[in-house]
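The structure appears right after this line, and notes come after that.
Values in this document were obtained by computation on a predicted structure and should not be read as measured data. Proteins get letters first, then strands, A, B, ... in listed order; numbering begins at 1 in each.
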Amino acid sequence: MTKEATSYDRIYEIVRQIPRGYVATYGQIAELANLARKARVVGYALYRVDMQSLDVPWQRVVNAKGEISLSPLRFGTDYLQRSLLEAEGIIFSPTGKIDLRKYLWKPDLGWAVTSADHHNIK
DNA sequence: GTGTTGACGTTCC
DNA sequence: CGGAACGCCAACA
């Protein structure tokens, strides 16, 4: 029996599907990766990704607040991520947030409506 | 094998 | 809207 692909591979695959100019949240990816409620695992998975080679567009992954999250240990790569997103046409709010209502990636399903209603963005 | 930490999320105040 | 607490799972010491 083949060893099942690790959940991480699933996460990377989904992240790669994020189109240019759009962003996705950890919770959203987690849900698509069959890891609902395990957003932390997604974050850890992206942490393992080689951000220097951009093998995975980790740049398009943000938290539920629509803000770029990363650890101070990442040495200010937050600035890099923001630059990449801006280069894709994403506009940051004065507070440094992204308008998820507009840039949130919608998988090829009708779940988009459910998502908006589920998250109930303020 | 146990304890702590972590690119998060949600709920409560 | 901001801060605090709990949850959830995997990797690391």
Side-chain angles (χ1 to χ4, degrees):
Chain A
M1 331 47 105
T2 51
K3 181 81 165 53
E4 313 154 12
T6 61
S7 300
Y8 295 156
D9 291 334
R10 183 73 186 190
I11 293 170
Y12 302 146
E13 185 177 352
I14 293 172
V15 174
R16 286 172 185 154
Q17 295 177 26
I18 302 175
R20 174 181 169 283
Y22 281 86
V23 297
T25 63
Y26 292 96
Q28 186 177 356
I29 293 171
E31 206 170 337
L32 293 172
N34 201 11
L35 294 173
R37 314 296 176 173
K38 303 172 191 166
R40 306 200 78 172
V41 179
V42 176
Y44 215 97
L46 291 177
Y47 169 75
R48 302 276 299 179
V49 175
D50 183 359
M51 60 178 68
Q52 296 183 26
S53 67
L54 292 178
D55 180 46
V56 177
W58 55 271
Q59 55 194 94
R60 298 181 186 139
V61 183
V62 296
N63 58 25
K65 293 172 290 192
E67 173 50 76
I68 297 174
S69 315
L70 42 95
S71 177
L73 301 176
R74 289 307 99 201
F75 177 41
T77 38
D78 55 340
Y79 184 77
L80 175 61
Q81 181 171 5
R82 176 168 176 167
S83 297
L84 292 171
L85 293 177
E86 287 181 322
E88 295 183 353
I90 295 177
I91 307 300
F92 282 74
S93 301
T95 54
K97 288 185 178 179
I98 300 173
D99 189 352
L100 294 178
R101 298 169 301 176
K102 186 175 182 181
Y103 297 111
L104 183 63
W105 173 51
K106 301 163 192 161
D108 296 330
L109 295 174
W111 100 280
V113 178
T114 304
S115 172
D117 188 53
H118 178 64
H119 286 284
N120 188 20
I121 302 170
K122 295 180 184 178

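- A/W105 pairs in a side chain to side chain contact (heavy atoms under 4.5 Å, CB included) with only one of the listed residues (A/L32, A/V15, A/V23), which is A/L32.
- With a 4.5 Å cut-off on side-chain heavy atoms, A/Q28 and A/L104 count as touching.
- Between the CG atom of A/L32 and the P atom of B/dG9 there is a distance of 13 Å, rounded to whole Å.
- The separation between A/K65 atom NZ and B/dA7 atom C1' is 11 Å, rounded to whole Å.
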Exercise for the section: Apply the test side chain to side chain contact (heavy atoms under 4.5 Å, CB included) to residues A/D99 and A/I91: give CA-CA distance (whole Å), side-chain angles for both, the deciding distance (0.1 Å), then the verdict. Expected result: CA-CA 8 Å; A/D99 189 352; A/I91 307 300; over 6 Å; no

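- Listed in residue order, the members of residues 56-63 of chain A having a heavy atom less than 4.0 Å from DNA chain B are A/W58, A/N63.
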Let me have the donor-acceptor pairs involving side chains of residues 39-49 of chain A, under 3.5 Å, with sequence neighbours excluded, atom names and distances please.
none

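- Whole-Å rounding puts the A/Q28 CD to B/dC8 P distance at 16 Å.
- With A/E13 contributing its side chain and A/A33 its backbone, the two residues share no donor-acceptor pair below 3.5 Å.
- Every pair passing salt bridge (Lys or Arg N to Asp or Glu O under 4.0 Å) that includes a residue from residues 52-62 of chain A is listed here, sequence neighbours excluded: A/R16-A/D55, A/R60-A/E88.
- Rounded to the nearest 0.5 Å, atoms OH (A/Y79) and CG (A/L84) are 11.0 Å apart.
- Taking atom CG of residue A/L35 and atom C1' of nucleotide B/dG9, one finds them 14 Å apart after rounding to whole Å.
- Using a 4.5 Å heavy-atom threshold, the side chains of A/W58 and A/Q81 count as touching.
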Exercise for the section: Encode nucleotides 8-13 of chain C as B, S and - characters from 5' to 3', where the letter depends on protein heavy atoms closer than 4.0 Å: B to the base, S only to sugar-phosphate, - to neither. Expected result: BSSSS-

Practice task
In sequence, state the C-alpha distance, the side-chain angles, and the governing distance for A/V62 and A/K97, and then conclude on side chain to side chain contact (heavy atoms under 4.5 Å, CB included).
Solution key: CA-CA 10 Å; A/V62 296; A/K97 288 185 178 179; over 6 Å; no

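- How far CD1 of A/I14 is from CG of A/L35: 8.0 Å, rounded to the nearest 0.5 Å.
- Looking at residues two or more places apart in sequence or on another chain, you find a side-chain contact (heavy atoms from CB on, under 4.5 Å) between A/R82 and A/I68, A/E86, A/F92.
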Please enumerate all protein N or O atoms sitting under 3.5 Å from an N or O of nucleotides 11-13 of chain B, with distances to 0.1 Å.
none

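- Rounding to whole angstrom units, CD of residue A/E67 and C1' of C/dG2 are separated by 15 Å.
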